[in-house]
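Take a look at the structure below.
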Amino acid sequence: MTEILYAKPAIDAELEALKSRTAKIKQEHGVIPTLRVILVGNDPGSIIYTNSKKKFCEKIGADCEIIKLDESVEEKVFLSEVDKLNKDMNVHAVLIQLPLPKHLSHIDTTNLVLPSKDVDGFHSENISRLYRNDKSETGLVPCTPKGILTLAKHYNFNFASKNVVIIGRSLIVGKPLSLLLTNLDATVTLAHSKTHNLKDLCLRADIIISACGKPKFLTSDYFRTDQSQIVIDVGINRLPNGTVCGDCDFDSIKDQLSAITPVPKGVGPMTIFSVAQNLLHALENSL
Ligand code: GUN
């Protein structure tokens, strides 16, 4: 039987622990963990994601406000907003929701938020910790890769000595995930749009993680039929009819596999869960 790796049981198992950590910080330090999310413009996906982040933070007793900036906001106003939040002692974590509108897309946002408040884990200082396999656990790990590890832990599979193919080399998912899994002793192949033999790579892999943003791109011929492979689908793609699907053609491949994450209700909520974990981690580091 193929196992469907839903996020909810993994999150529910950890929810009370997050609530307790929030309550402990409040009780011992009189501080409410506080996240500020900067949302520029009206991208429908970004509005949904930021609202979900706010809702989940509130569920664990933390404070999250979405700072909405106009689609046409001037670059200097945007930058000064980030600067203000960096300097605000009562704000413990800051997230700039991506993508930014075209006129701001030239800005390299990775190092804008202070590394100590970098809830996304994108800052060079945090990425450098992953690169060096720093074990001190003070760094903030990018949310989607971190969420994938939480999911794997809950469903009792690990990456050590596994052949893992990651499809997509983004700064948000593919590249940090390749470092994280290498540190966990996986043998990682980081594939991308210019990879020639993707089908062969997938057929030989133990675990396939897709983050390429192509709806239903991975069809049944990319996978073995012996229910020995695990597929983690990071894609959240909107079809013309409004429905959401992943990078995998879920219905046609699921029976071939050992396990697969659904879209929606798979990796997406795990990313949001990691934002809340990183918020608490950022604050705990500073106390
Ligand atoms: N847009 C899509 N995913 C993400 C993410 O993980 N962080 C930010 N800041 N923006 C995103």
Side-chain angles (χ1 to χ4, degrees), residues 7 11 35-57 64-69 71 73 78-79 81-82 85-86 91-102 104-105 107-127 130 139-151 166-180 209-215 232-238 244-247 261 263-264 266-279 281-282:
I11 292 173
L35 169 67
R36 293 291 174 262
V37 175
I38 299 179
L39 171 64
V40 186
N42 308 303
D43 177 71
S46 294
I47 291 170
I48 295 170
Y49 301 144
T50 51
N51 284 337
S52 304
K53 286 167 188 170
K54 178 176 165 64
K55 203 168 142 195
F56 192 79
C57 284
C64 175
E65 243 176 63
I66 301 168
I67 297 170
K68 294 185 178 129
L69 300 179
E71 178 87 34
V73 66
F78 165 74
L79 292 174
E81 193 60 51
V82 181
L85 296 171
N86 275 336
V91 171
H92 312 113
V94 180
L95 185 150
I96 302 166
Q97 185 65 31
L98 301 172
L100 291 173
K102 256 208 178 90
L104 299 179
S105 62
I107 301 173
D108 178 1
T109 55
T110 46
N111 289 343
L112 286 187
V113 174
L114 284 178
S116 57
K117 296 189 180 191
D118 170 36
V119 76
D120 260 324
F122 294 163
H123 194 285
S124 322
E125 220 173 86
N126 285 314
I127 291 297
L130 273 188
L140 297 164
V141 174
C143 295
T144 301
K146 184 174 171 132
I148 290 170
L149 295 197
T150 309
L151 195 72
I166 300 171
I167 307 167
R169 54 183 157 181
S170 70
L171 292 178
I172 298 182
V173 184
K175 280 186 187 163
L177 184 59
S178 68
L179 294 174
L180 203 56
I209 304 176
S210 182
C212 65
K214 294 184 187 168
I232 298 170
D233 191 346
V234 181
I236 302 177
N237 309 295
R238 203 163 286 276
V244 169
C245 74
D247 294 343
T261 61
V263 178
V267 175
M270 297 310 301
T271 299
I272 288 159
F273 177 76
S274 307
V275 171
Q277 277 185 314
N278 277 354
L279 164 62
H281 196 44

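Counting starts at 1 for both ligands and their atoms, following the listed order.
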Ile96, portion touching ligand 1 at heavy-atom distance under 4.0 Å: backbone

For ligand 1, the portion of Leu98 having any non-hydrogen atom under 4.0 Å away: both

Examine distances only and state if a side-chain atom of Thr261 and a backbone atom of Ile232 form a donor-acceptor pair shorter than 3.5 Å. no

Counting N and O atoms only, with roles assigned by atom type, does the side chain of Asn126 sit under 3.5 Å from a partner on the main chain of Pro115, one being a donor and the other an acceptor? yes

Please list, in number order, the atoms of ligand 1 under 4.0 Å from a heavy atom of Gln97. 1 (N), 9 (N), 10 (N), 11 (C)

Which of the numbered atoms in ligand 1 are under 4.0 angstrom from any heavy atom belonging to Leu95? 9 (N)

A side-chain contact here means heavy atoms from C-beta on lying under 4.5 Å apart; do Leu98 and Phe122 qualify? yes

Are the side chains of Gln277 and Thr150 in touch, meaning some heavy atoms are under 4.5 Å apart? yes

Tell me, which protein residue and heavy-atom name are nearest atom 4 (C) of ligand 1, and how many Å apart are they? Ile172 CD1, 4.0 Å

Among all the protein's non-hydrogen atoms, which is closest to atom 8 (C) of ligand 1, and how far away is it? Asp120 OD2, 3.5 Å

Does anything in residues 39-57 form a salt bridge (Lys or Arg N to Asp or Glu O under 4.0 Å)? List the pairs, not counting sequence neighbours. Lys54-Glu58

